Amino acid sequence: MNEYNFLADLLHTFQSLNDWIKVLVLLIPPGFALCVVGLCLRHKATMRAIAVGRVDEYIPSAQDAFDRVDYLRNTAIPYEDGEEILAEPLVTLRHRT
C-alpha cells in the first residue's frame, strides 16, 4: 500500500486552482497579519497616551461625535412637509443651539 503524502496532495490541489484564487490565498494571510500588527501597535500607542495624559491626540472626544451627528443631519436629503419619514431622527444626549 502506498503512503499518503499530505503535502504533495496539498500542492497538487493548489496548482489546480484558478489564478485569481491563488492570488487570494497568497495575499490574504499576510494582509491579515499586517492588519493585526497595525491594530496592536495603535492600541499600544493609545494606551501609552492615556497613561501620559495626552488623551486628545488619539481618542476622539464626545464633541467630535456630536459634530458628526449634526453634520449628517444637516446634509441629509430634504423632504417635503407632507411626506412620511421612514426612520426617526437621531436623539442626542444634549441639546445644542
Side-chain angles (χ1 to χ4, degrees):
M1 182 174 186
N2 295 337
E3 292 186 25
Y4 176 71
N5 190 344
F6 176 75
L7 185 59
D9 191 30
L10 183 66
L11 290 175
H12 176 69
T13 303
F14 181 75
Q15 287 178 346
S16 64
L17 293 174
N18 291 335
D19 289 339
W20 63 274
I21 294 177
K22 289 179 191 177
V23 170
L24 289 177
V25 168
L26 292 175
L27 291 180
I28 287 178
F32 177 76
L34 285 174
C35 289
V36 168
V37 168
L39 286 173
C40 290
L41 290 175
R42 183 177 176 136
H43 176 71
K44 188 175 181 180
T46 304
M47 290 298 116
R48 282 187 182 169
I50 290 172
V52 173
R54 296 180 297 148
V55 178
D56 293 338
E57 294 179 19
Y58 292 98
I59 300 174
S61 64
Q63 183 66 38
D64 292 337
F66 285 117
D67 291 341
R68 289 177 186 162
V69 168
D70 285 341
Y71 172 76
L72 291 174
R73 282 184 178 172
N74 293 333
T75 59
I77 299 172
Y79 62 94
E80 299 295 328
D81 290 335
E83 190 177 346
E84 287 187 27
I85 301 174
L86 298 177
E88 294 184 12
L90 295 173
V91 178
T92 57
L93 298 176
R94 62 186 173 96
H95 181 11
R96 297 183 65 195
T97 58

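Just so it is clear, the structure is predicted and the values come from calculations on it, not from any experiment. Values below: all heavy atoms of this structure, side chains included; hydrogens, waters and symmetry mates excluded.
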Which of these passes side-chain contact (heavy atoms from CB on, under 4.5 Å) with Val37: Leu39, Leu41, Leu34?
Leu41
Linked, directly or transitively: [X] and [Y] (ILVMFWY side chains, under 4.5 Å):
{"X": "Phe14", "Y": "Val23", "answer": "no"}
{"X": "Leu10", "Y": "Ile21", "answer": "no"}
{"X": "Leu17", "Y": "Leu11", "answer": "no"}

Check whether more than 12 heavy atoms from other residues, nucleotides or ligands sit under 6.0 Å from atom OH of Tyr4, and answer yes or no.
yes
Pair listing, side-chain hydrogen bond (donor to acceptor under 3.5 Å, both in side chains) test, anchored in residues 11-26, at least two apart:
none
